[in-house]
Amino acid sequence: MSAVLPQSREQATGLSFGEALRARFRSLSALPSGRFFFSVILFLAILVFAILGPTIFNQHDPLQIVGGLYDTPSSKFWLGTDNFGHSVFTQLMFGTRTSLIIGFVAGLIATGIGVVIGTAAGFNGGFVEEALMGITNVVITIPSIVVLILLSIAISTRSIYSLALVIGVTSWPWTARAVRAQASSLRTREHVDIARLAGANTASLIVWEILPYMLSYIFMAFVLQLTSGILAEAALSMLGLGPSNSVSLGIMLHWALLWESVRTGAWWAFVPPTLFLTIIAFALLLLQSSLDEVFNPRLRRS
Amino acid sequence: MTLSNEPLTLLEARHLTRIFGGGENEVRAVDDVSFAIHPGEIVAIVGESGSGKSTLARLLLRLLEPTSGQILFRGEDITALHGPRHLKTYWREVQGIFQDPFASFNQFYSVGRVLKKTLDLSDEKLSRAEQQQRLELALRNVGLDPTDVLKKGSHQLSGGQLQRVMIARALLVDPEIVIADESTSMLDASLRVTILNVLSELRARLQMTILFVTHDIGQAYYLSDRVFVMYHGQIVEQGPVEEVLHDPQHAYTRRLMADVPRLGGWGAKVAAD
Ligand SMILES: Nc1ncnc2c1ncn2[C@@H]1O[C@H](COP(=O)(O)OP(=O)(O)OP(=O)(O)O)[C@@H](O)[C@H]1O
Ligand SMILES: [Mg+2]
């Protein structure tokens with residue numbers, strides 16, 4: 001994952017999001033690539049489906065029994081029913097919503113921790129940096145799935161938020177590492193020295209001189225964490241460690257596998273959630289890589 | 001207070017040393033450097049790339065901790081001071097200007113905001129109107145039109161304008177001494193002269209003391225009274241600029257002079273304008 005994050009100096013010195021967008025839109029030839037708009041539209045469509053879908057299609061209970069075991073798709077239930085007789089289409093809307101919520105919360109937590117630790121390490125250097133990066137490297141080497149399984153078992157009631165928390169607190173190290181490199185290279189820039197000469201303390205140096213230069217980078221790191229959070233949820237839920245009493249894309253896959261939908265040919269039970277996970281990850285990764293061009297117009301020309 | 005005829009010392013370094021890294025990678029960037037700077041003089045530090053000039057400048061500005069040695073300002077040991085709260089009073093008297101005006105400028109802020117931050121050093125409680133007056137005066141002092149530049153960001157100004165803003169910033173708190181680290185090297189030739197003239201005019205008008213880092217011997221000759229020659233972290237030669245440059249004692253200074261093609265033709269200092 002870290003490999004996708006650009007490490008170049010261009011990145012650290014990149015324009016702010018607003019500035020970059022304004023610069024890009026000034027002339028038509030400078031418009032961001034189609035990739036950017038395509039990925040944004042794709043992701044927005046999924047968001048709308050997850051948030052407004054239940055209202056649009058007037059389906060408000062994904063756990064309502066509406067049919068039998070693996071009813072084939074019909075005009076009433078477009079994607080048929082699952083092993084419990086739930087409507088797969090309704091499950092897909094609510095499942096996508098749950099997966100996105102977990103991804104967002106886990107992404108925010110991971111990015112938050114990663115930025116705080118990475119910035120503190122990179123900006124302070126010396127002993128603080130060594131200690132914080134030591135911790136980060138330990139957390140990185142522990143296979144996160146093991147921690148996720150242990151923590152998931154330890155937490156008795158698995159709400160979608162506790163699952164998001166578990167994913168968030170185990171996936172911050174990559175962000176911390178990437179942010180540390182950024183903060184470390186920004187620390188020696190002359191405007192930081194100028195602010196020091198004006199009597200600025202460490203906190204205000206970080207807030208006013210370091211963070212603004214990292215915002216676009218942090219946003220891109222968040223998009224990656226969001227993606228991996230959604231995929232981590234799917235992996236955990238497929239193992240049966242998903243949130244209780246709810247439906248997510250991973251939980252849909254869990255039951256589909258358990259009830260042998262693949263063998264029985266009930267493709268409508270496993271294809272939709274798989275497809276949605278793929279589309280979400282594709283849209284976000286495409287967005288992440290096209291953001292690179294939005295923030296750094298120079299990259300595109302060369 | 002002075003006990004002798006010696007001119008009063010403003011800024012003094014005693015056995016100042018800064019070592020980077022350790023073991024095989026040890027770099028003695030500044031190695032046992034001692035000197036004294038007197039009020040009102042312009043001192044140039046010359047030396048090739050990597051000789052430790054910037055490290056020395058950053059040590060003197062207290063932006064970098066020395067490995068050993070002392071810095072004295074008006075006789076007071078300021079190496080004992082740590083953190084912005086204690087160094088504020090020092091930075092009211094000793095300010096800096098750096099090499100790259102674009103990098104010196106936080107691109108997210110306006111000229112006005114960058115200048116106002118430096119005004120925070122002052123203990124005086126200034127009203128908004130007074131602050132505004134100070135900013136405008138400082139900008140006029142370096143030949144900029146305040147109404148034109150105050151609201152602008154770094155991307156809307158040229159390198160020469162930005163560097164003048166940085167000079168205005170350094171002068172805002174009315175310091176005793178300004179340390180300028182290669183402040184003209186990123187500018188093209190005509191702007192370079194403009195900046196040099198701004199500096200020498202400031203000295204004439206405000207009796208400013210200036211420590212001027214450069215690898216350009218011509219600039220040192222043009223602007224300074226005394227020159228320190230740095231080589232591998234040490235000051236290998238120091239003295240009045242005419243003496244050092246016309247009759248270099250140290251082999252390194254001679255080599256440095258040989259690298260300057262124009263030097264042979266130098267009879268007298270070139271007039272400022
Ligand atoms: N933060 C640092 N960490 C490690 N080494 C450093 C650091 N800063 C400077 N050095 C080393 O110290 C030596 C002196 O560097 P310095 O920047 O002071 O030279 P300089 O005379 O200003 O050179 P230039 O003319 O290129 O600006 C160099 O060998 C440099 O690599
Ligand atoms: Mg230098």
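Proteins come first, then strands; the chains are lettered A, B, ... in the order of their sequence lines, and each starts at number 1.
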**Study point:** Any donor-acceptor N or O pair under 3.5 Å, side chains B:Q219, B:T184
**Key:** yes
Practice item. Flag the one option from B:R85, B:M166, B:K117 with the top tally of heavy-atom pairs under 4.5 Å to chain A. Key: B:K117
Revision key, fill the gap. Turns out that what part of B:Y109 lies under 4.5 Å from chain A's heavy atoms comes down to side chain
Check your understanding: Which one, A:L197, A:I194, A:V192, A:D193, leads in non-hydrogen pairs under 4.5 Å with chain B?
Key -> A:L197
Check your understanding: Between A:G199, A:S204, A:A195, which has the largest tally of heavy atom pairs under 4.5 Å with chain B?
Key -> A:G199
Review point. Considering only heavy atoms, which portion of B:L87 lies under 4.5 Å from any heavy atom of chain A: side chain, backbone, both, or neither?
Key: neither
**Study point:** Segment of A:A200 engaging chain B (4.5 angstrom heavy-atom cut-off)
**Key:** backbone
Review point. Under the 6.0 Å and 45° cation-pi test, does B:R113 pair with A:W208?
Key: yes
Check your understanding: At a heavy-atom separation under 4.5 Å, does B:R58 approach chain A through its side chain, its backbone, both, or neither?
Key -> side chain
Practice item. Would you tell me whether A:E129 and A:N124 have side-chain atoms, one donor and one acceptor, within less than 3.5 Å of each other? Key: no
Review point. Contact part of B:R92 toward chain A, heavy-atom cut-off under 4.5 Å: side chain, backbone, both or neither?
Key: neither
Review point. Measuring heavy-atom distances to chain A, does B:K88 have an atom under 4.5 Å in its side chain, in its backbone, in both, or in neither?
Key: side chain
Practice item. Using modelled atom types only, decide if a donor and an acceptor are shared between the side chain of B:Q107 and the backbone of B:H155 within a distance under 3.5 Å. Key: no
**Study point:** Under 3.5 Å: donor-acceptor pair, side chain of A:E233, backbone of A:G103
**Key:** no
Check your understanding: Side chains of A:T175 and A:Q225: do they bring a donor and an acceptor to under 3.5 Å?
Key -> yes
Review point. Parallel under 30°, tilted from 30 to 60°, perpendicular over 60°: which one fits the rings of A:Y213 and A:H191?
Key: parallel
